[in-house]
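Structure first, then comments.
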Amino acid sequence: MDDSEYGNEVESKRLPSSKYKGVVPQPNGRWGVQIYEKHRRVWLGTFTEEEEAARVYDIAALRFRGHNAITNFNVSFENDEDYYMEKLFLSSHSKAEIVDMLRKHTYRAELEERKQNYACHGISGNAFNPEPLGESLVTPSDVGKLNRMVIPKQQAEKHFPLYTEIASKGVLMNFEDNSGKVWRLRYCYWSSSQSYVLTKGWSRFVKEKNLKAGDLVCFWRSNVGSNPRLFMDSKPRNGSGFETMGEVRLFGVNILDESNRDYAANNR
DNA sequence: CGTTGTGTTGAT
DNA sequence: TCAACACAACGG
């Protein structure tokens with residue numbers, strides 16, 4: 001009898017080793033995950049699937065040792081949007097926070113939620129007051145055939161910064177309008193014209209809101225419950241306000257309270 | 001009670 | 001730094 005190979009299926013007391021780094025067998029057949037830092041072991045939880053455990057180790061390795069860390073699986077390539085978002089997500093949380101998500105099996109969900117709300121986080125940790133992000137005057141070309149909306153540079157860089165690695169490809173952002181409808185728009189930087197633009201999804205917005213040159217589009221950020229969201233809606237050119245300008249329901253807060261401010265004064 | 005994950009040791 | 005092993009601590 002030679003038990004040198006793997007298939008030692010008889011009741012051996014020996015636990016089966018994992019082929020994955022950071023993954024250790026548990027007595028009940030599940031898999032534990034650990035990573036070491038400064039002579040200390042950091043426990044990353046237990047998992048039923050060996051491969052899931054291996055991926056958990058990979059996440060921790062990226063957070064603890066940077067994106068050149070040795071991992072079990074090769075993650076997506078450098079210039080990939082998802083990969084970039086994940087790096088952003090990792091670097092914006094402490095090691096303890098990441099470990100906590102991994103142990104509670106909530107990492108994936110939280111990452112996905114963060115992707116959906118890109119630009120909602122970060123700049124302001126504002127609790128519940130809507131934060132105005134500015135208004136953009138709709139120009140003739142914005143409602144023309146170019147299918148894009150230029151966001152004034154100063155406003156863009158202040159409220160919606162794009163990082164160089166992702167600027168050209170842009171990022172998908174979700175906005176809600178006053179009726180609660182969600183608009184999914186691509187936002188990117190056009191280096192040729194050195195401007196920040198909303199591209200994919202914009203023309204649909206123009207059409208449905210019946211936007212004309214001279215109208216305004218306003219943006220704001222607020223929290224619904226505890227999760228931040230982005231909002232946008234059109235404001236018809238001044239004059240007899242009709243349309244949806246009455247009130248904006250947002251958990252009792254009337255957002256557009258003082259925004260009846262007349263912009264035409266400085267327009268002409 | 002079953003399971004987790006810590007204490008510990010010995011390799012690389 | 002790492003996995004292997006034993007088993008105390010943990011939590012439903």
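By convention in this document, chain letters (A, B, ...) are assigned in the order of the sequence lines, proteins followed by strands, and residues within each chain are numbered from 1. What you are looking at is a predicted structure, and each value in this text was computed from that prediction instead of being measured.
When distances run from any side-chain atom of A/R65 to the nucleotides B/dT6, B/dG5, C/dC2, the shortest one goes to C/dC2.
Along DNA chain B, the nucleotide nearest A/R41 and the nucleotide nearest A/N28 are compared for position; the residue whose nucleotide lies closer to the 5' end is A/N28. Toward the 5' end of DNA chain B, the nearer of the two residues A/G45 and A/Y36, judged by each one's closest nucleotide, is A/G45.
With hydrogens and angles left out, the side-chain atoms of A/Y57 and A/Q34 include no donor and acceptor closer than 3.5 Å. Between A/R148 and A/S141, the side chains place a donor N or O and an acceptor N or O closer than 3.5 Å (distance only, hydrogens not considered).
A/Y36 belongs to no multi-residue hydrophobic cluster, having no ILVMFWY side-chain contact under 4.5 Å with any other such residue.
Note: CZ (A/R14) to P (C/dA3) measures 14 Å, nearest angstrom. In this structure, CZ of A/F47 is placed 14 Å from C1' of B/dT3, rounded to the nearest angstrom. Taking atom CZ of residue A/R103 and atom P of nucleotide B/dG5, one finds them 5 Å apart after rounding to whole Å. Atom pair A/H39:NE2 and B/dT8:P shows a separation of 16 Å (rounding to whole Å applied). Here the P atom of nucleotide C/dC10 and the CZ atom of A/R30 are 19 Å apart, to the nearest Å. Atom-to-atom, CH2 of A/W31 to P of C/dC5 comes out at 12 Å; the value is rounded to the nearest Å. The interatomic distance linking A/R40 (CZ) with C/dC2 (P) rounds to 14 Å, in whole Å. Distance, A/Y20 OH to C/dT1 P: 24 Å, rounded to whole Å.
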Apply salt bridge (Lys or Arg N to Asp or Glu O under 4.0 Å) to A/K181 and A/E208, showing your working.
CA-CA 11 Å; A/K181 173 164 183 169; A/E208 189 153 326; 2.8 Å; yes

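Pairs engaging residues 16-28 of chain A under the side-chain hydrogen bond (donor to acceptor under 3.5 Å, both in side chains) rule: A/S18-A/E50 [sequence neighbours left out].
Using a 4.0 Å heavy-atom cutoff across all strands shown, A/E37 reaches sugar-phosphate atoms only and no base atom.
For the OP1/OP2 pair of C/dA3 and a distance below 4.0 Å, the side-chain nitrogens and oxygens of A/Q34 include at least one atom meeting the criterion. Side-chain N/O atoms of A/S17 include one lying less than 4.0 angstrom from OP1 or OP2 on C/dA4.
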